[in-house]
There are 2 protein chains.
Amino acid sequence: MTDRNAANTRSRILEIAGELFRTKGYAGTSIADITGRLGTSKAALYYHFPSKEHILDAILGDSLAAHARIAELADGNATAEELLGALVDLVAGAGTVLAVFGNDPSVVAALSQRESDYRLRDKDSRIVAALAGPRPTTAARIRAQAAIAVAKDGTRMILAGRDRGLRKAERAELLAAALRAHHGQGGTR
Amino acid sequence: MTDRNAANTRSRILEIAGELFRTKGYAGTSIADITGRLGTSKAALYYHFPSKEHILDAILGDSLAAHARIAELADGNATAEELLGALVDLVAGAGTVLAVFGNDPSVVAALSQRESDYRLRDKDSRIVAALAGPRPTTAARIRAQAAIAVAKDGTRMILAGRDRGLRKAERAELLAAALRAHHGQGGTR
DNA sequence: GTCTATACATCGATAGAC
DNA sequence: GTCTATCGATGTATAGAC
């Protein structure tokens with residue numbers, strides 16, 4: 001059972017770090033915390049990753065890409081259903097990590113400190129704008145935010161503390177709730 | 001302008017710490033960060049608070065109490081409208097801080113590590129149970145989570161990065177969206 | 001109430017042997 | 001690939017003067 005190849009150790013590090021970042025926060029997790037579970041020394045970890053921040057990047061990589069793709073979608077002329085469905089899928093899929101870590105202020109601070117274009121909040125506001133429509137009323141913007149809250153945080157809450165992903169029926173139910181929050185009762189938009 | 005009385009300095013510390021905890025996270029904020037803005041030495045801060053954790057407690061005190069009150073409400077027979085409205089008010093009022101900090105894993109970890117009964121997740125699940133009803137279907141539970149997501153995270157998103165509180169019309173719009181998310185289209189419950 | 005100075009632990013990260 | 005040992009910086013917190 002001594003799979004001492006680099007790829008395996010690397011993925012174990014990502015798994016353990018992800019779990020710890022989620023429960024203790026990025027800033028609240030030390031390299032020693034990670035290697036404590038990994039069962040190696042701190043120095044061993046640095047053979048696989050050059051820094052703690054590189055571990056975070058490796059974990060968030062796919063999620064950030066998926067998030068960016070949704071922001072692109074928002075800039076096009078996607079329907080509300082497509083957008084909100086994509087958000088649900090983001091959180092349920094590659095972006096589960098992001099949805100969870102996006103709530104960690106120390107993660108947001110770490111990302112936005114870099115000049116990189118990891119502008120989380122920016123992308124979010126483009127999605128809001130797409131759902132609220134051009135020159136939106138206050139009410140329209142609130143409904144847009146409400147729908148996004150369902151798609152992101154609702155999905156996150158459903159998935160919290162369980163192993164398996166989102167079932168098709170669950171996805172449909174979430175999307176329907178998001179759409180109800182978005183539309184006025186009579187289907188305003 | 002040199003208000004050097006203890007009460008004033010104390011409240012300035014809370015204000016500054018709150019801002020920093022929000023943007024950098026609890027674990028990501030150091031005492032030096034706080035006193036840097038406060039304009040005093042680190043030792044001076046320790047005259048007002050015995051530890052960093054006590055600062056967190058002082059900030060969260062009111063919010064946690066308000067949160068507990070809502071959980072009590074959920075155990076009684078409050079209507080969905082009352083519950084969701086109370087949640088909106090919690091986030092918009094005393095609990096803004098909690099809604100924001102509740103997302104910081106390092107805060108949750110700090111609170112739940114203590115044997116204290118600050119069981120955030122626990123209280124949340126009582127609210128879910130109240131909204132989903134007895135022996136709920138999967139769909140009912142999802143709709144309950146969706147409604148809570150609107151009331152909590154939707155409200156938080158609306159208030160993010162602005163000074164003034166929630167206007168009456170905004171509150172009504174949020175509550176309506178939460179209720180739409182909660183009910184099936186035809187008003188299942 | 002606030003200061004300087006410091007104790008002592010832990011942080012992220014590195015050196016160099018194996 | 002992993003180790004022991006350690007670096008320098010920073011973390012929380014304290015001692016004691018003013």
Side-chain angles (χ1 to χ4, degrees), chain A residues 1-21 23-60 101 104-111 113-114, chain B residues 1-60 101 104-107 109-111 113-114:
Chain A
M1 200 49 112
T2 45
D3 273 328
R4 289 202 164 182
N5 59 81
N8 187 20
T9 303
R10 194 189 137 96
S11 70
R12 281 191 59 218
I13 291 172
L14 291 179
E15 193 179 344
I16 292 169
E19 157 85 13
L20 288 173
F21 288 174
T23 54
K24 305 181 55 171
Y26 172 65
T29 300
S30 70
I31 302 295
D33 287 334
I34 300 172
T35 54
R37 290 212 196 175
L38 187 62
T40 71
S41 66
K42 287 191 289 173
L45 181 146
Y46 279 94
Y47 172 82
H48 299 276
F49 291 94
S51 78
K52 183 183 172 183
E53 200 158 354
H54 277 79
I55 300 177
L56 179 64
D57 282 352
I59 292 176
L60 288 182
F101 289 15
D104 183 346
S106 64
V107 169
V108 177
L111 292 183
Q113 193 175 2
R114 288 200 297 252
Chain B
M1 200 47 114
T2 44
D3 274 326
R4 288 203 166 182
N5 60 81
N8 188 18
T9 304
R10 195 188 136 96
S11 70
R12 281 190 59 219
I13 291 172
L14 291 179
E15 194 179 342
I16 293 169
E19 157 86 13
L20 288 174
F21 289 173
R22 206 185 70 230
T23 54
K24 305 181 57 171
Y26 172 65
T29 301
S30 70
I31 302 295
D33 287 334
I34 299 172
T35 56
R37 290 211 196 177
L38 187 62
T40 72
S41 67
K42 289 187 286 173
L45 181 143
Y46 279 95
Y47 171 82
H48 299 276
F49 292 94
S51 77
K52 184 182 171 184
E53 200 158 355
H54 277 80
I55 300 177
L56 179 64
D57 282 353
I59 292 177
L60 289 182
F101 290 14
D104 184 345
S106 63
V107 170
L111 293 183
Q113 193 175 2
R114 288 200 298 253

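Every chain is numbered from 1 and lettered A, B, ... according to where its sequence line falls, protein lines coming before strand lines. All values below come from the heavy atoms of this structure, side chains included, with hydrogens, waters and symmetry mates left out.
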How many Å lie between [atom1] on [X] and [atom2] on [N], as a whole number?
X	N	atom1	atom2	result
B:Ile34	D:dT12	CD1	C1'	11 Å
A:Leu45	C:dA13	CG	P	10 Å
B:Phe49	D:dT12	CZ	P	15 Å
A:Asp33	C:dT10	CG	C1'	11 Å
A:Ile13	C:dA13	CD1	P	13 Å
B:Leu56	D:dT12	CG	C1'	15 Å
B:Leu38	C:dT2	CG	P	8 Å
A:Ile31	D:dT4	CD1	P	17 Å

Return no unless some side-chain N or O of [X] is found under 4.0 Å from OP1 or OP2 of [N].
X	N	result
A:Thr9	D:dT2	yes
A:Ser51	C:dG12	no
B:Tyr46	D:dA13	yes
B:Ser41	C:dC3	yes
A:Thr40	D:dT2	no
B:Ser30	D:dG11	yes

Heavy-atom nearest nucleotide on DNA chain D for A:Tyr47 versus A:Ala43: which residue maps closer to 5'?
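Between the two, 5'-proximity favours A:Tyr47.
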Options [options], nucleotide nearest the side-chain atoms of [X]:
X	options	answer
B:Lys52	C:dA13, C:dT4, D:dT12	D:dT12
B:Lys42	D:dT2, C:dT6, D:dT6	C:dT6
A:Ala44	D:dC3, D:dG1, C:dT2	D:dC3

Taken to the nearest 0.5 Å, the spacing of A:Ile59 CD1 from A:Leu14 CG works out to 5.5 Å
Rounded to the nearest 0.5 Å, how far does CG of A:Leu45 lie from CD1 of A:Ile13?
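Spacing of CD1 (A:Ile13) from CG (A:Leu45) equals 4.0 Å.
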If we ignore hydrogens and angles and just use 3.5 Å, is the side chain of A:Thr29 paired with the main-chain N or O of A:Leu20 as donor and acceptor?
yes
Polar side-chain atom of A:Asp104 near backbone of A:Phe101 as donor-acceptor pair, under 3.5 Å
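Not a single qualifying donor-acceptor pair exists.
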With heavy atoms under 4.0 Å as the rule, sort B:Thr29 into base, sugar-phosphate or nothing.
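The residue B:Thr29 makes sugar-phosphate contact but no base contact.
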Any chance you could lay out the side chain to side chain contact (heavy atoms under 4.5 Å, CB included) test for B:Asp57 and B:Arg114, step after step, and finish with the verdict?
CA-CA 12 Å; B:Asp57 282 353; B:Arg114 288 200 298 253; 2.9 Å; yes
